[in-house]
Amino acid sequence: MLSYLHGFHAGNVADVHKHAALVLVLAHLQKKDKPFCVIDTHAGAGWYDLSSPQAQKTGEWKGGIAAVQGAANIPAALKPYLDLVGRFVPENLHNEGADDGGAAGGKPVYYPGSPFIVQKMLRESDRLSLMELHPREFETLDRRVYHDRRINLQKRDGYEGLVALVPPPIRRGLVLMDPSYDVKQDYARAAKSIIAAHRRWATATYMLWYPVLTDGFEGELHQMFRQIETPGGVLCSELAASQGGAKGRMLGTGLLIINPPFQLDAQLAEIGGWLRNVVQLPGPATHRLDWLVKAP
Ligand SMILES: C[S@@+](CC[C@H](N)C(=O)[O-])C[C@H]1O[C@@H](n2cnc3c(N)ncnc32)[C@H](O)[C@@H]1O
């Protein structure tokens, strides 16, 4: 059932899109001294070595983070993310087994996943809750975060776990849901879990990532998110090619954001408009930004 391993896809176009938005939301939370908390329901292994056999096999990062790092005229809104990624070096590398640290024989190039992007932006009193179900990814992540007392990791279903964890004791915050969409049911489970959590913790920002596929499953998600009543609105950012051949193929990357912080729409428009000409997608790409539920 749990066949997905993010190591094959780390640093791809979808990661650039979602992690750039994640950094912008975290930067907004950092503007106030009051603590914030983040719940990351599908955490993965924490960070990835782009010289590993997995990453080398697909080479997806070449059309994502590598293309962006090598490009000119990088927009201001993308720079905080690129600075964080460019500076990222994992701690305690001596704890890592043979699968890490350049197992393909190349010089290791480390890419932070969502847990370590958040960890780098946490202050002393901020908190991060992580959930991960895959036994090996969980073990790896556990070894990487156990020494950080601001972080709580659970081997738990992220859909059910999110609803159980909210509202958290710290009431300012963000939920990131980044499922692997191994099965079609993930779309409905993701939407139902976020809608239930939002009923209990209405002031948080929620970010749901989804793939834009030739099958068009994301239409159902949009329908469900249009029904959400929330003062901060619901924003959709989609970067995708209009055509891509084979059935089931990924055309691009999408984000649904409930209660986005002030000016995130303008920042995502700037980033998306630039990325569409820089990253590698199956064909000429466009970036769409829509308010599914209008903010006042
Ligand atoms: C796309 S990856 C996460 C990547 C990570 N958020 C990042 O940005 O670095 C999805 C992860 O969810 C895990 N997963 C799948 N189903 C899950 C579930 N029901 N609850 C929690 N984790 C799950 C997978 O094992 C995989 O590691």
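Just so you know, ligand 1 is whichever comes first in the structure, and atom 1 is the first atom listed for that ligand.
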What's the shortest heavy-atom distance between [X] and [Y], and which atoms?
| X | Y | value |
| --- | --- | --- |
| V23 | P80 | CG1-CB, 3.8 Å |
| G46 | L141 | CA-CD1, 3.6 Å |
| Y48 | H6 | OH-CB, 3.5 Å |

(message) Here's a test for you: under ring pair (Phe, Tyr, Trp, His ring centres under 6.0 Å), which of Y181, F225, Y159 qualifies with Y187?
(response) Y181
Backbone or side-chain N or O of [X] under 3.5 Å from ligand 1 N or O:
| X | value |
| --- | --- |
| S114 | yes |
| G158 | yes |
| E137 | no |
| Y159 | no |

To the nearest 0.5 Å, what is the distance between [atom1] on [X] and [atom2] on [Y]?
| X | Y | atom1 | atom2 | value |
| --- | --- | --- | --- | --- |
| L239 | T286 | CG | OG1 | 7.5 Å |
| I194 | T41 | CD1 | OG1 | 7.0 Å |
| E137 | K155 | CD | NZ | 11.5 Å |

(request) Would you check if there is a donor-acceptor pair between the side chains of S180 and H42 at a distance under 3.5 Å? (result)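 Judged by distance alone, the side chains do not pair up.
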(message) Taking the ring of H9 and the ring of Y4, is the distance between their centroids below 6.0 Å?
(response)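 Between Y4 and H9, the centre distance is under 6.0 Å.
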(request) Measure from atom 1 (C) of ligand 1 to every heavy atom in L133, D178, D182, L162 and give the option owning the shortest one. (result)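 Considering heavy atoms of L133, D178, D182, L162, the nearest to atom 1 (C) of ligand 1 sits in D178.
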(request) Can you figure out which of H134, E132, E160 has its heavy atom closest to atom 24 (C) of ligand 1? (result)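 Answer by nearest heavy atom: E132.
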(request) May I ask whether I117 has any heavy atom positioned less than 4.0 angstrom from an atom of ligand 1? (result)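 So I117 does not count as touching ligand 1.
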Counting only heavy atoms closer than 4.0 Å, does ligand 1 sit against the backbone of [X], its side chain, both, or neither?
| X | value |
| --- | --- |
| H42 | both |
| A43 | backbone |
| H19 | side chain |

(message) If we check side chain to side chain contact (heavy atoms under 4.5 Å, CB included) with V278, which of these qualifies: V68, L78, I74, N73?
(response)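 So, applying the side chain to side chain contact (heavy atoms under 4.5 Å, CB included) to V278 and each of V68, L78, I74, N73, only V68 qualifies.
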Going by the atom numbers of ligand 1, which of them fall below 4.0 Å from some non-hydrogen atom of [X]?
| X | answer |
| --- | --- |
| D157 | 18 (C), 19 (N), 20 (N) |
| G113 | 9 (O) |
| T41 | 21 (C), 22 (N) |
| L2 | 15 (C), 16 (N) |
| G44 | 27 (O) |
| R156 | 20 (N), 21 (C) |

(request) Among all protein heavy atoms, pick the one closest to atom 2 (S) of ligand 1 and tell me residue, atom and distance. (result) Y4 CE2, 3.6 Å
(request) For the residue pair H19 and Y81, categorise the inter-ring angle as parallel (less than 30°), tilted (30 to 60°) or perpendicular (more than 60°). (result) tilted
